Amino acid sequence: MMIKIRPIYYILFILLVAYGCSNTKYLPPGDMLYVGGDVTVKDSVMKRKDRKAMEKELTELLRPKPNSAFLGLRIKLYIYNIAGEPKKDKGFKHWLRTKVGEPPVLFSQVDMDYNADVLQNFSENRGYFKARTSADSTSSNRRAKALYTVTTGKQYTIRNVKFPDSTGTALDSTIARTKRRSILQKGQPYDLDIIKQERDRIDTRLKNKGYFYFNADNILVQVDSTVGNYQVDLKVKIKDDTPDKAKKVYTIDDIYIYPNYSLAYAKDSVKYVTDSVQQYKDFKIIDPQNTFRPIIYDRTMFFRKGDIYSRRDHNLSLNRLVNLGTFKFVKNEFRPADSLGNALDVYYYFTPLPRKSIRVETLAKTNSANYNGSEINVNWSNRNTFRAAELLTLTAFGGFEVQVAGQNKGYNVYRVGGEASLIWPRFITPIKIQDSSAYIPRTKALLSYEYQKRIKLYALNSFRAQFGYLWKDNARTEHQLFVSDINFVSPANVTEEYQRRIDGDPANDIEANPALQKAIDKQLIFGPTYSYTYTNTMQKRKKHTFYYKGSLDLAGTITGLATGANIKKGDTVNVLGVPFSQFVKMEHDFRHYLRLSENSQLASRIIAGVGVPYGNSSALPFIRQFFIGGTNSIRAFRARSVGPGSYDNSEGVADDSFLPDESGDIKLEMNTEYRAKLFSIVHGAIFVDAGNIWLWNKDPNKPGAQFTSDFLSEFAVGTGAGLRFDLSFLVLRLDLAFPLRKPWLPKNERWVFDDIDFGSGAWRKENLVFNLAIGYPF
């Protein structure tokens, strides 16, 4: 039974909620609800954009904050009011009032004079030394608003910056040499925050020059605002009361390492003093259990005896020790050395993680083929396999993926397998490679096997072996180079149903589809692979953030050249009875995030990829080809149902069909999505997706699939909207999309604007695509 609600009832409901959210009858007698403060900046010289930005900054300083509102409605305050005073400190009513609701912010709680002083100080710290601040208020219907006016006057700028004389003390000379990179520049506006940053910058430079006991508070920046013409002179100097030890350069003397440190160990003072000391190069190691080979300290620590102290080397050493993944806690301390006047002894204390451990993981998964499922992993790890922080991991896994709705419903996927990996915290190469970043380089060897069963279709055995290197230059960049990456795939248990789809069955009106054979062909791929990743998306406050990943796959190159393999001439070469794949594949994934406000952003992505088969191959192997469509791609089309090119595969995605596995050698995809927080854990999105895949070589069975100069006219385009439920530990995503352009239609009829009829049941059935997924699409 369907219940229809007339529009008038929607309006009445909204008015009722609005009334409840604004009702003030619950306020204390004589008081008013505080609805916020407004700051107006008066300045005839300041640009309107700068004035608005300053008003926003000043408004953020006001306290207290008014009750939160959504679309102008103070819903949490309304919940607080209707919940009433609970009789007990537990139960639903208490939870509703204290956890969900929000008590009213009263005007009596607002100290307008205090806020005016805060605004005045902020303005002066920005160089508006002649600013004047006033406060007032307005009220209506027991609601009050605070109004502040800041008349800034002209902003003072920097006329001159004077650093200590380079001919003075060693400390003065060192500070003088930092002037070249000073952030205090002539002509810039005076800003107290910039002055504090300059002191921190100088302190950092001094720490890297050996001034261990120096502190930013030892630096004084004197300001002379009497020079006239709204200008100031700044003088950087050392405070007179700076301790003598802060003016000295310190060197490193003895380096002590305690690899099995614990609180119990520290309390045993006799053991702490009398433990045998092992000398290894410049390190004094107290490790009676011989837990680690000393070579790991040589590779991770930057300090050596006699070195000048450097905060940079200090932090690099700690970061590398933490990134080993072997220690639970890493700490160190510096003490004045007994032997020398200006020397420091360094003490490192490491608390190891348990050497062996078992971890069980349960995962929720989603993939581009609109399948959702779960997986369980059992991992056994040894974090110190050969006593040099090597990580050995043995994994057994099993999982399933199902499609709740769509043409693949009932064709579930089950996976089981195992993996063994060994990671060395260093480069294992014929030549020695120096690495000075904060991140430990790693050498990785991996062996894995997976059995995948697609119900009613086929099963695959997949073997993989890898050997290569992983390293990071900094927190934003990452490299992966596998000098050997071998993948062998062999089919098993191909069903009659699937074989009929390949060969065709005229008796049952089933046309032959030779493309399906590619999924069950034996495949042997080997060769080097490389990928580079850059991201600064961890910087949440930046307006523009980026993510880029580029990858290169060179399969069978050396073997192909050595054997002279050429499939076009019939000279196909087999390895272990299987033709090896020979191709070059490159893919680029670029993403841009534009922060529009605290709770909204515009996210965009471009994917461009091309794979060129040659020599021993006429096409890319199926598992290395590109696919498009699905929950993380063009969401208005089912997974792998678009393309290649203008090839019409609509018969392959009919309701009575299955597994539209259209693939290509070239891919171009573009996506843009506006994301905004609606309330609580609920976020909304509006998106547009476009793109397609193409074949490198012409396929007579797929007319229109080859890449040509007319590729832009073959773009599939879709749009839609969705909700995201951010539960912190996972994001549940619901998207509803529909196509705007179908590339397989006749050239002048691909845009479908004229055919859109949202009220038509047939249109909705053929075009509306619902996507359920976990996580954001990009």
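Since we're looking at a predicted model, the values are computed, not measured. By convention here, the first residue in the shown sequence is residue 1.
Side-chain contact between Ser381 and Leu391: present, with at least one pair of heavy atoms (C-beta onward) separated by less than 4.5 Å. Using a 4.5 Å heavy-atom threshold, the side chains of Gln601 and Leu594 count as separate. By the 4.5 Å heavy-atom criterion applied to side chains, Val416 and Glu450 are not counted as neighbours. By the 4.5 Å heavy-atom criterion applied to side chains, Phe488 and Ile486 are not counted as neighbours. At least one side-chain heavy atom of Asn382 sits less than 4.5 Å from a side-chain heavy atom of Trp380. Side-chain contact check for Ile520 versus Tyr498: some heavy-atom pair is nearer than 4.5 Å. When side chains are defined from C-beta on, Thr477 counts as touching Asp473, because their heavy atoms get closer than 4.5 Å. Put simply, the side chain of Thr395 does not reach to within 4.5 Å of the side chain of Val378, judged on heavy atoms.
Here the side chain of Asn319 pairs no donor or acceptor atom with the backbone of Ala438 at under 3.5 angstrom. A donor-acceptor contact shorter than 3.5 Å is absent between the side chain of Gln499 and the backbone of Thr495. Looking only at distances, no side-chain donor or acceptor of Ser633 sits under 3.5 Å from a matching main-chain atom of Gly630. Using modelled atom types, one side-chain atom of Arg442 and one backbone atom of Ile440 make a donor-acceptor pair closer than 3.5 Å. A distance-only check finds a donor-acceptor pair linking the side chain of Arg293 to the backbone of Phe386 [under 3.5 Å]. At distances below 3.5 Å, not a single donor-acceptor pair connects side-chain atoms of Ser641 with backbone N or O atoms of Phe637. Under a 3.5 Å cut-off, the side chain of Ser663 and the backbone N or O of Phe627 do not form any donor-acceptor pair. For the pair Gln582 (side chain) and Asn616 (backbone), a donor-acceptor distance under 3.5 Å is present. At distances below 3.5 Å, at least one donor-acceptor pair connects side-chain atoms of Arg741 with backbone N or O atoms of Ser713. Remark: the backbone N or O of Ala773 is not paired with any side-chain donor or acceptor of Arg733 at under 3.5 angstrom.
More than 12 heavy atoms of other residues, nucleotides or ligands shown are found within 6.0 angstrom of CG on Leu561. Counting non-hydrogen atoms of neighbouring residues, nucleotides and ligands closer than 6.0 angstrom, the NZ atom of Lys549 reaches no more than 12 such neighbours.
A side-chain N or O of His479 and one of Tyr530 form a donor-acceptor pair less than 3.5 Å apart. Side-chain atoms of Asp485 and Gln466 include a donor-acceptor pair closer than 3.5 Å. Side-chain N/O atoms of Ser604 and Thr672 include a donor and acceptor closer than 3.5 Å. With 3.5 Å as the limit, one finds a donor-acceptor pair spanning the side chains of Glu669 and Asn671.
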Passes side-chain hydrogen bond (donor to acceptor under 3.5 Å, both in side chains), Asp699 versus Gln706? Steps please.
CA-CA 7 Å; Asp699 186 343; Gln706 189 178 18; over 6 Å; no
Working note: Asn461 + Tyr449, criterion side-chain hydrogen bond (donor to acceptor under 3.5 Å, both in side chains); need CA distance, chi angles, decisive distance, verdict.
CA-CA 7 Å; Asn461 294 296; Tyr449 166 75; 2.6 Å; yes
Apply salt bridge (charged side-chain N to carboxylate O under 4.0 Å, His left out) to Arg724 and Glu673, showing your working.
CA-CA 13 Å; Arg724 288 93 170 92; Glu673 180 172 283; 3.0 Å; yes
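Screening Arg355, Lys356, Glu390 for a side-chain contact (heavy atoms from CB on, under 4.5 Å) with Thr385, the sole residue that qualifies is Glu390.
Counting all heavy atoms, side chain and backbone alike, Gly704 lies closest to Glu714 at O-OE2, 4.1 Å. For the pair Ala636 and Val769, the tightest heavy-atom approach, listed with the atom from each and the gap, is O-CG2, 3.3 Å. In this structure, Trp696 and Gly611 approach most closely via the heavy-atom pair CB-O, 4.2 Å. Residues Lys518 and Gln523 come closest through the heavy atom pair O-NE2, 3.6 Å.
Aromatic rings of Phe738 and Phe770 (six-membered ring for Trp) have centroids beyond the 6.0 Å cut-off, not under it. Taking the centre of each ring, Phe526 and Phe580 come in below the 6.0 Å mark. A ring-centre distance under 6.0 Å is found for Phe427 and Tyr469. No close placement of the Tyr548 and Phe590 rings is indicated, their centers lying 6.0 Å or farther apart.
Judged by the 6.0 Å and 45° rule, Lys472 forms a cation-pi pair with Tyr439. Cation-pi geometry between Arg635 and Phe687 is met: under 6.0 angstrom from the ring centre, within 45 degrees of the axis. Remark: Arg591 fails to qualify as a cation-pi partner of Phe778 under the 6.0 Å distance and 45° angle criteria applied to the six-membered ring. In this structure, Arg476 forms no cation-pi arrangement with Tyr534, as its terminal cationic atom is not both closer than 6.0 Å to the ring centre and no more than 45° off the ring axis.
One distance of note links CG of Leu727 with CG of Leu730; it measures 5.0 Å at 0.5 Å rounding. Leu732 CG to Leu772 CG: the interatomic distance, rounded to the nearest 0.5 Å, is 5.5 Å. To the nearest 0.5 angstrom, Ser617 atom OG is 11.0 Å from Asn566 atom CG.
Between Asp665 and Lys585, no side-chain nitrogen of the basic residue sits less than 4.0 Å from a carboxylate oxygen of the acidic one, so the salt-bridge criterion is not met.
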